[in-house]
Amino acid sequence: MFETLTSPAPDKILALIALLRDDPRQHKVDLGVGVYKDREGRTPIMQSVRDAEQVLFAEQTTKTYLGLAGDTAFDTKMTELVLGDAAPAARVRAIQAPGGSGALRILFELLRRARPDATVWVSDPTWPNHIPMIEASGLKHVSYPYFDAATGTVRFEAMLAALAQAKPDDVVLLHGCCHNPTGANLTLEQWREIGKLIVEKRLFPFVDIAYQGFGEGLDADAAGVRLLATLVPSMVIAASCSKNFSVYRDRVGCAILLAPSAAEADIAYAQLCSVARANYSMPPDHGAAVVRIILTDPARRAAWVAEVDAIRERMIVLREGLAAALRKHSGSNRFDFIARHRGMFSRLGLSVEQVHRLRAEHAIYMVDDSRINVAGLPDDRLDDVARAIVAVL
Ligand SMILES: Cc1ncc(COP(=O)(O)O)c(C=O)c1O
């Protein structure tokens, strides 16, 4: 059987983790892996999550099946967290999914059932997992220009011009906030323009929101997706709780859909449940129950919001610190965009060779495309990091 298979291409991030682990240098700096890290380089369990786990432990009386949509109170709360009151509840449906990845995958499959010939337009660059998921669901994909590496900004005019070429019912995949891997994000005015184009060309928006709260704030980070929901008749959203609740391994996500009418929403929802049934059947409960406990209790929710705020503020301080250190050591404002970017990542615009030199000569690890995880920056050694980056330019 297996003799017909060949090895898949190695995962670059996993390879980077192994290299870093085997590097004996004490001062090594990990800017690679996409998880939040605190000052000590740990990815701690949030206090609000620990507290909710105690509640769950005390209250849970059964582990019987919940159903294809998972914890429906979680689904309602997640819809509120992402959409606020931007869309009428009658036209919105949601199902719990195994992580943002699970939500992406079942939504792509739903779109495949609805429009087998649709092409998904993805940003260049995008989160590398988007592409295999689109391919595995049987849809085609093409990229639209997004990032100008020289200035660290969004190529908005080029993006609009490309999307103007899309066919009706083509899918436009947008990062809700904190673009991965670039850190460059759309302004609200740009979201509005994209919404207008989507309506005019009868395209279908798909928003992937995996870092809500890590950019400008929980509501500000959802402003684009909420605006879009007021402009378009239908859309889908994949939301991840991995980062903003720090429940990575518990696999917590939500697939949300907006339809033109309640009747259409019901059918799309039933189809989405059937896609889930044919995949993993039901999502894991633990993490979603924890998120539901937090979001349904005002005091717990406030404590969680404070933790998310602290994470975001730390990353902004690190951004400003690194941008200032790079200005000092390079004598130029070339890297000022790091302070303007938002979210966990920034793409520095270095060549692969420069990235490899940083690794070999300075023990600074980042992905080959020069994406850095800002949370991995050592706050007491920003000057060292900046000096090393300038040394390889
Ligand atoms: C852009 C983007 N979307 C979705 C995800 C999905 O995350 P998870 O499946 O761990 O919830 C990630 C995680 O890194 C991401 O960066």
Side-chain angles (χ1 to χ4, degrees), residues 11-14 16-17 31-37 43 46 49 70 74-75 78 81-82 94-109 120-134 136-137 141 143 146-147 171-186 205-215 221-222 224-225 236-256 276 279-280 283-284 286-288 290-291 308 311 315 341-347 366-367 369 371-376:
D11 185 302
K12 289 198 173 146
I13 301 229
L14 297 183
L16 194 67
I17 295 174
L31 307 180
V33 184
V35 297
Y36 176 74
K37 290 194 236 165
T43 305
M46 288 173 140
V49 167
F74 162 88
D75 298 333
M78 280 303 292
L81 183 70
V82 175
I95 89 169
Q96 188 197 319
S101 301
L104 283 160
R105 178 63 197 266
I106 60 171
L107 287 169
F108 283 130
E109 284 194 33
V120 184
W121 292 71
V122 297
S123 62
D124 175 23
T126 193
W127 182 48
N129 273 7
H130 281 149
I131 307 290
M133 278 196 246
I134 295 168
S137 67
H141 56 88
S143 59
Y146 185 78
F147 186 62
V171 178
V172 182
L173 182 60
L174 299 159
H175 295 227
C177 62
C178 308
H179 187 270
N180 181 7
T182 70
N185 297 298
L186 300 170
F206 187 145
V207 178
D208 176 7
I209 183 156
Y211 299 88
Q212 189 180 351
F214 277 24
D221 289 350
V225 61
V236 293
I237 303 160
S240 167
C241 300
S242 299
K243 323 283 157 139
N244 54 8
F245 286 86
S246 201
V247 288
Y248 305 85
R249 65 171 67 166
D250 288 339
R251 311 309 298 135
V252 194
C254 192
I256 303 170
N279 276 274
Y280 51 80
H286 178 86
V290 165
V291 169
V308 176
I311 286 174
M315 290 193 291
H341 283 174
R342 282 295 177 270
M344 214 152 73
F345 306 112
S346 268
R347 192 186 255 200
M366 64 184 69
V367 188
D369 68 2
R371 181 194 84 169
I372 62 165
N373 175 358
V374 174

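Every value quoted in this text rests on a predicted model; they were computed, and no experiment measured them. Just follow the structure's listing: the first ligand is 1, and inside any ligand the first atom is 1.
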Would you say Ile209 and Ser240 make side-chain contact, with heavy atoms under 4.5 Å? no

I'd like to check the side chain to side chain contact (heavy atoms under 4.5 Å, CB included) partners of Pro284; sequence neighbours left out, ordered by chain and number. Pro98, Arg251

Test side chain to side chain contact (heavy atoms under 4.5 Å, CB included) applied to Thr43 - qualifying residues, sequence neighbours left out: Val35, Lys37, Ser246, Tyr248

Would you please classify the geometry between the Tyr211 ring and the Phe345 ring as parallel, tilted or perpendicular, with 30° and 60° separating the classes? perpendicular

Partners passing ring-ring contact (aromatic ring centres under 6.0 Å, His included) against His179 (at least two apart in sequence or in another chain): Tyr146, His175

CA sep, side-chain torsions, deciding dist, call: Leu173, Phe108, side-chain contact (heavy atoms from CB on, under 4.5 Å): CA-CA 10 Å; Leu173 182 60; Phe108 283 130; 4.1 Å; yes

Under a 3.5 Å threshold, I'd like every N/O contact between ligand 1 and protein atoms, with atom names and distance.
unit_1: ligand 1; atom_1: 3 (N); unit_2: Asp208; atom_2: OD1; d: 3.2
unit_1: ligand 1; atom_1: 3 (N); unit_2: Asp208; atom_2: OD2; d: 2.6
unit_1: ligand 1; atom_1: 9 (O); unit_2: Gly100; atom_2: N; d: 3.4
unit_1: ligand 1; atom_1: 9 (O); unit_2: Ser101; atom_2: N; d: 2.8
unit_1: ligand 1; atom_1: 9 (O); unit_2: Ser101; atom_2: OG; d: 2.6
unit_1: ligand 1; atom_1: 9 (O); unit_2: Arg251; atom_2: NH2; d: 2.7
unit_1: ligand 1; atom_1: 10 (O); unit_2: Ser242; atom_2: OG; d: 3.0
unit_1: ligand 1; atom_1: 10 (O); unit_2: Arg251; atom_2: NH1; d: 3.0
unit_1: ligand 1; atom_1: 11 (O); unit_2: Gly100; atom_2: N; d: 2.7
unit_1: ligand 1; atom_1: 11 (O); unit_2: Ser240; atom_2: OG; d: 2.6
unit_1: ligand 1; atom_1: 11 (O); unit_2: Ser242; atom_2: OG; d: 2.6
unit_1: ligand 1; atom_1: 14 (O); unit_2: Tyr211; atom_2: OH; d: 3.4
unit_1: ligand 1; atom_1: 14 (O); unit_2: Lys243; atom_2: NZ; d: 2.8
unit_1: ligand 1; atom_1: 16 (O); unit_2: Asn180; atom_2: ND2; d: 2.8
unit_1: ligand 1; atom_1: 16 (O); unit_2: Tyr211; atom_2: OH; d: 2.7

